[in-house]
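These notes are about the structure you will find just below.
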Amino acid sequence: QVQLVESGGGLVQPGGSLRLSCAASGSIFSINAMGWYRQAPGEQRELVADISSIGSTNYASSVKGRFTISRDNAKNTVYLQMNSLKPEDTAVYYCNAQARSLYTMRLADYWGQGTQVTVSS
């Protein structure tokens, strides 16, 4: 199986910055796209940003220009640099990877456990 472990969440003041990391491990054959989603209380989970295996990126309009997604394929790790944070960015952030495990060889979605980001003064 494939496991995703996130880190880097926390409490930050408006205008501040945080960097999230997500490392994939386990019986990985290959990883296609990786991304970050978020879910605020009472809201549906939404895409924040994703990045293909060759580095093509896609951002939600609400974070474009403030957030930057990147990945290190050698480390099976994806990052989310979040700048100019706003209270409305407060949510649980989830890492996602579209990957093939060595056991099934089928492309499947894998999720991290989530990390809380709170933007508040």
Side-chain angles (χ1 to χ4, degrees):
Q1 283 288 34
V2 177
Q3 296 86 38
L4 302 179
V5 178
E6 300 126 333
S7 60
L11 173 65
V12 64
Q13 292 187 340
S17 298
L18 282 175
R19 188 190 194 214
L20 306 183
S21 299
C22 171
S25 63
S27 303
I28 300 170
F29 176 75
S30 64
I31 301 177
N32 290 8
M34 301 185 79
W36 291 94
Y37 289 71
R38 67 186 181 186
Q39 188 168 19
E43 303 289 333
Q44 289 191 332
R45 190 174 296 189
E46 63 175 0
L47 174 69
V48 176
D50 59 21
I51 182 168
S52 73
S53 58
I54 59 171
S56 298
T57 58
N58 176 49
Y59 294 93
S61 58
S62 59
V63 307
K64 201 171 291 185
R66 300 188 297 121
F67 291 9
T68 302
I69 190 170
S70 61
R71 66 189 283 176
D72 184 334
N73 289 335
K75 297 180 179 180
N76 291 330
T77 299
V78 63
Y79 306 96
L80 185 69
Q81 178 66 44
M82 304 185 293
N83 298 329
S84 302
L85 282 160
K86 304 175 181 180
E88 50 263 43
D89 295 317
T90 296
V92 178
Y93 283 69
Y94 296 92
C95 175
N96 168 267
Q98 297 173 2
R100 299 180 192 276
S101 76
L102 288 169
Y103 296 123
T104 68
M105 295 300 287
R106 287 183 291 131
L107 193 63
D109 273 316
Y110 295 90
W111 294 91
Q113 79 285 357
T115 185
Q116 178 70 45
V117 172
T118 302
V119 184
S120 175
S121 55

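All values below come from the heavy atoms of this structure, side chains included, with hydrogens, waters and symmetry mates left out.
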Legend entry - Joint hydrophobic cluster, M82 plus Y79, side-chain heavy atoms closer than 4.5 Å: no
Inset, instruction - Determine, using the 4.5 Å side-chain heavy-atom cutoff (strictly less than), whether I31 and W36 are members of one ILVMFWY cluster. - result: yes
Inset, instruction - Taking the side chain as every heavy atom from C-beta outward, state whether D50 and Q98 have any pair of such atoms under 4.5 Å apart. - result: no
Inset, instruction - Check T118, N83, V12 against L18 for a side chain to side chain contact (heavy atoms under 4.5 Å, CB included) and give me the one that passes. - result: V12
Inset, instruction - Verify, without hydrogens or angle tests, whether T90 (side chain) and V119 (backbone) share a donor-acceptor contact under 3.5 angstrom. - result: yes
Inset, instruction - Taking D109 for its side chain and N96 for its backbone only, find out whether a donor-acceptor pair lies under 3.5 Å. - result: no
Inset, instruction - State yes or no: do Y94 and L85 share one hydrophobic cluster built from I, L, V, M, F, W and Y residues joined by side-chain heavy-atom distances below 4.5 Å, directly or via other members? - result: no
Legend entry - Shared hydrophobic cluster for V117 and F67 (ILVMFWY, side-chain gaps under 4.5 Å): yes
Legend entry - R100 side-chain N/O to F29 backbone N/O, donor-acceptor pair under 3.5 Å: no
Legend entry - Donor-acceptor contact below 3.5 Å, side chain E6 vs main chain G114: yes
Legend entry - Expected output: side-chain R71 to main-chain S52 donor-acceptor under 3.5 Å: yes
Inset, instruction - Answer with yes or no whether the hydrophobic clustering places V48 together with Y59; edges join I, L, V, M, F, W, Y residues whose side-chain heavy atoms lie under 4.5 Å apart. - result: yes
